[in-house]
Amino acid sequence: MAGKLIILGCGGSAGVPAIGNWWGDCDPNEPRNVRTRPSVALQTENTLVIVDTGPDFREQVNREKLGAPDAIILTHIHSDHIAGIDEMRTFQRLKKRRFPVYMTKETNAVVQERYPYMFQTSEDGFYPTVCEPVLVEEYGDISVGELSIQTYAQQHGHIRSLGLRVGDIAYSTDVKTLPEESFACLEGIKIWIVDAAANESRSNPVHASIGEIIEMNERIQAERVILTHLPPTMDYRKLFHGLPEGYEPGYDGKVFEF
Ligand SMILES: [Zn+2]
Ligand SMILES: [Zn+2]
């Protein structure tokens, strides 16, 4: 299974610049500071899976010239990860088929409540079903076409999110701490793309700080740690020059091979 992971978005929930043209500490002249909401694409020659459909979903797919995904994976219920799911209606119109959405039963309950029309055909038949829910375990396997993805649980404040491993890359968006079992799932990874939405100086109850990530990676031992979910308070170049060896900030459009 050879393929690539594309960072579709590495911004935090507000993106950069945030609404109101708020750049925070980010240099507006650095193109890698332009960050859309958190998402990645997993792509092999014949298979495409998109992880999370945030508010920038349409823009991200068009920017990377992607077609209709074979499946969607939703990591958790927060709006910066699901609010763009409505865009799948256009792919349904173009492809005349339904799209599987892999998620835990907790995520499924909330998504179906918020977007019921995506999962059922309207009474008059005019609006067809767009998405088919596929329930996944916190520790399980997702198999879509040529892609084989392992899931693991993450603590994200008072809720849990799904972490995903494909080959020797793991994607941990929206994580504060990892349950003990998840460390075993991350054994042997080379690249860890991980939520770093908090600066060292301000602790965040739902997102890991760089210090907390370094601590977790002392056990995981990924050779490269790529920071994602970055808020306007974290400038690309300052991070790039200030992080320890092996650590680097992500940016939209960055590609990793697996
Ligand atoms: Zn988020
Ligand atoms: Zn979240």
Side-chain angles (χ1 to χ4, degrees), residues 3-23 26 28-76 78-103 111 114-115 117-119 127-132 142 144-147 149 164 166 169 171 173-174 193 195 226 228-232 236 249-258:
K4 59 183 182 177
L5 179 152
I6 309 164
I7 295 188
L8 296 182
C10 71
S13 58
V16 182
I19 194 165
N21 219 29
W22 179 48
W23 288 87
C26 285
N29 296 314
E30 168 53 65
R32 284 165 291 196
N33 276 331
V34 177
R35 300 174 183 135
T36 56
R37 262 53 77 89
S39 172
V40 295
L42 305 172
Q43 195 174 30
T44 62
E45 202 180 338
N46 298 303
T47 307
L48 173 66
V49 169
I50 294 179
V51 180
D52 290 333
T53 57
D56 304 315
F57 181 38
R58 171 179 144 276
E59 185 192 328
Q60 292 165 330
V61 167
N62 289 350
R63 187 193 70 213
E64 298 299 330
K65 299 183 171 53
L66 301 173
D70 297 288
I72 298 286
I73 300 174
L74 297 179
T75 57
H76 66 299
H78 289 155
S79 283
D80 52 326
H81 298 260
I82 64 171
I85 197 166
D86 209 78
E87 304 290 349
M88 288 305 292
R89 296 191 314 141
T90 305
F91 278 137
Q92 193 285 327
R93 212 172 296 147
L94 294 172
K95 301 289 176 188
K96 305 277 181 282
R97 63 180 170 90
R98 297 176 182 188
F99 298 89
V101 178
Y102 291 81
M103 51 192 162
V111 170
R114 270 190 232 170
Y115 305 97
Y117 57 90
M118 296 293 287
F119 297 89
Y127 294 106
T129 302
V130 178
C131 295
E132 292 281 5
I142 296 173
V144 181
E146 297 166 341
L147 279 167
I149 302 152
L164 304 167
V166 57
I169 303 181
Y171 180 61
T173 192
D174 295 66
I193 303 168
D195 171 15
I226 316 297
T228 190
H229 213 291
L230 298 165
Y236 179 85
Y251 55 86
D252 287 22
K254 193 168 172 62
V255 175
F256 300 91
E257 312 269 332
F258 58 81

Which residues share a side-chain contact (heavy atoms from CB on, under 4.5 Å) with Ile19, sequence neighbours left out: none
Within a reach of under 6.0 Å around CZ of Arg114, are more than 12 heavy atoms found that belong to other residues, nucleotides or ligands? yes
Residues forming a salt bridge (charged side-chain N to carboxylate O under 4.0 Å, His left out) with Glu132, sequence neighbours excluded: Arg98
Let me confirm one number: the OH-OG1 distance from Tyr171 to Thr75, rounded to the nearest 0.5 Å. 6.5 Å
Can you see which heavy atom on Cys131 is nearest to which on Phe119, and at what distance? O-CD2, 3.4 Å
Looking only at atom types and distance, does a side-chain atom of Gln92 sit under 3.5 Å from a main-chain N or O of Val130, one as donor and one as acceptor? no
Which residues pass the side chain to side chain donor-acceptor pair (under 3.5 Å) test with Asn21, not counting sequence neighbours? none
Does the side chain of Phe99 come within less than 4.5 Å of Ile50's, by heavy atoms? no
Taken in chain and number order and not counting sequence neighbours, the residues that satisfy side-chain contact (heavy atoms from CB on, under 4.5 Å) with Tyr115 are Ile82, Ala83, Ile85, Val111, Tyr117, Met118
Excluding sequence neighbours, so at least two apart, what forms side-chain contact (heavy atoms from CB on, under 4.5 Å) with Thr36? Asp56, Glu59, Gln60, Arg63, Asp252
Nearest-0.5 Å distance that lies between atom CG in Asp52 and atom CZ in Arg37: 12.5 Å
Pairwise distance CG(Leu74) to CE(Met103) - rounded to 0.5 angstrom: 6.0 Å
How would you list all residue pairs meeting salt bridge (Lys or Arg N to Asp or Glu O under 4.0 Å) that involve residues 79-90, not counting sequence neighbours? Asp86-Arg89
